[in-house]
Amino acid sequence: AVLPDERELGIGFVAYSPFGRGFLTGAVKPAAENEETEWAFDPRWQPGNFEKNLDAVQHLTEMAKSRGGTVAQLALGWLLAQGEDIVPIPGTRRIERLEDAGAADIRLTADDLDQIRRVLPEGAFGARYAGDMVPSWV
């Protein structure tokens, strides 16, 4: 919702946590199994949303594999396809995740972007933050 205003003002957008806080890595568990982590409160990990997001990630993983990449590379490729004013800042705790920097090699067609939009029409199922946990800068 903020992109039109930022673009009108000539401001770039930094896409924080483009891997969905680990969701795209496949190493996630439902909220009930993450009681000691921030995921326990994340709406995307709650029953109902978790299963829908997991299904979406499986579709996107297959799409990425068909292009010779990973789902994280696909996510970065999608962000890069949104405009030159968008800069993703992926983070990782593991050296092997640096391989996902190959996203610049993944070129997505208009059909690819439409397919991704159909799989995740709102970007994810569930809000990015739980009610009162929304940071003041959002």
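Quick note: numbers below take in every heavy atom, side chains included, and nothing from hydrogens, waters or symmetry partners.
- Evaluated for a side chain to side chain contact (heavy atoms under 4.5 Å, CB included) with His59, the options Val119, Ile116, Leu120 yield exactly one hit, Val119.
- Summarising the geometry, atom CG belonging to Asn53 is positioned 11.0 Å from atom CD belonging to Gln58; distances are rounded to the nearest 0.5 Å.
- Between Arg107 and Asp112, none of the side-chain N atoms (NZ, or NE/NH1/NH2) sits under 4.0 Å from a carboxylate O, so this pair counts as no salt bridge.
- Counting only residues at least two apart or in different chains, salt bridge (Lys or Arg N to Asp or Glu O under 4.0 Å) contacts with residues 3-16 comprise Arg7-Asp85.
- Proximity of a side-chain donor or acceptor of Gln73 to a complementary backbone N or O of Thr70 within less than 3.5 Å is detected.
- The CH2 atom of Trp78 sits 8.0 Å away from atom CZ of Arg117, with the distance rounded to the nearest 0.5 Å.
- Minimum heavy-atom separation, Met63 to Leu74: SD-CD2, 4.1 Å.
- Here the shortest heavy-atom pairing between Leu108 and Leu113 reads CD1-CD2, 3.9 Å.
- Taking 4.5 Å as the limit, some side-chain heavy atom of Lys65 sits within range of a side-chain heavy atom of Thr61.
- Other members of the hydrophobic cluster containing Leu9, listed by chain and number, are Ile11; membership follows side-chain contacts under 4.5 Å among ILVMFWY residues, whether direct or relayed.
- Listed by chain and residue number, Val14, Tyr16 satisfy the side-chain contact (heavy atoms from CB on, under 4.5 Å) test with Ile89 (two or more places apart in sequence, or in another chain).
- Residues forming a side-chain contact (heavy atoms from CB on, under 4.5 Å) with Ser66 (at least two apart in sequence, or on another chain): none.
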